[in-house]
Amino acid sequence: MLKKRWAAAAAAAAGLVLLTACGSGGSSGSSAGGAVTLGFAQVGAESGWRTANTKSIQESAKTAGIELKFSDAQQKQENQISAIRSYIQQKVKVIAFSPVVESGWDTVLKEAKTANIPVILTDRAIDSPDKSLYKTFLGSDFVAEGKKAGEWLTKEYGSATGDVNIVELQGTTGSAPANDRKKGFGDVIAADPKYKIVASQTGEFTRAKGKEVMEAFLKSQPKIDVLYAHNDDMALGAIEAIEAAGKVPGKDIKIVSVDAVKDGMQALADGKINHIVECNPLLGPQLMDLVKKVAAGEQVPARIETKETEFDQAAAKTALPQRQY
């Protein structure tokens, strides 16, 4: 009888252990402490903006008590897709990512949907017609950023009588910011035929590539009045090339850029860049708030845009001492 009681107690204990193990490894997407797990697939570390964005997400997750599983795709879509599939297998509660490019996401996002894991897009959108594949988009209006850059240009050269020759450093080919910033800028300058984009090429959002492409522009184009850079890092690389060619950035070639990271703002304060349209990377707090709401099954807006401004030289000098990124 004693043996039977002991066996029953042992069986009950084993069952309790098994239940505990199943509970901790189940599809709840929570750790043993009850924290929501977030799988985040980052684009990479291609710029000062991206580094600030990553830091904001990591610090905000810690502050919010969210368990963050983080991956760096090194600007390769296949790496992001692999990371998302890994998060699905790990049964995280929410997946968020900044898409490297706009196209090619439907298959993996359908897999997340089948697994009942909601997806949040941050910073960059996708071009899928199936809006049910993600819960919301958090980020900037890149078309509006391009338009702001174009509007500055048309004010700066409004009284010019001859052609205004523009070279353009585009972001990563196929990415939402590159496509949209090009479109917004192009839509504005199209109203006047004197504005001519004489050369346009990707600088991959990096300082090194921005320098390399600007060197080529300077060799192939006899007259360049303006550089439009899709981000500050490319503009900073281009400044090196302009100075190496014996020209004065900000004077011989005027520069308008997007982002407003600290190095870009310093170049603006120094007069080497003429105007910067802000793109705020500090999305972490807003993202963690969304993650908690989505994890709890709450309804959220389909699109949430960050508030951003523009900077001239005086504004940059004022903002720099308190600049967080």
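Fair warning: this is a prediction, and the values are worked out from it, not measured in the lab.
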Linked, directly or transitively: L68 and L138 (ILVMFWY side chains, under 4.5 Å): yes
Set of side chain to side chain contact (heavy atoms under 4.5 Å, CB included) partners for K254, sequence neighbours left out: W152, E156, Y157, N274
Check: T206/D233 side-chain N/O donor and acceptor closer than 3.5 Å: no
Salt bridge K147-E145, side-chain N to carboxylate O under 4.0 Å: no
Side-chain heavy atoms of F70 within contact of T54, under 4.5 Å: yes
Exceeds 12 heavy-atom contacts within 6.0 angstrom, atom NZ of K307: no
Remaining members of the apolar cluster that contains Y325, side-chain heavy atoms under 4.5 Å: W49, V261, L282
CG-CG distance between L287 and L38, expressed to the nearest 0.5 angstrom: 6.0 Å
Chi angles and distances behind the side-chain hydrogen bond (donor to acceptor under 3.5 Å, both in side chains) call for S82, E78: CA-CA 6 Å; S82 294; E78 59 267 30; over 6 Å; no
Residue from D232, D263, N231, N53 passing side chain to side chain contact (heavy atoms under 4.5 Å, CB included) with S47: N231
Backbone of P193 reached by a side-chain donor or acceptor of K196 within 3.5 Å: yes
Q42 versus S71, side-chain donor and acceptor atoms under 3.5 Å: no
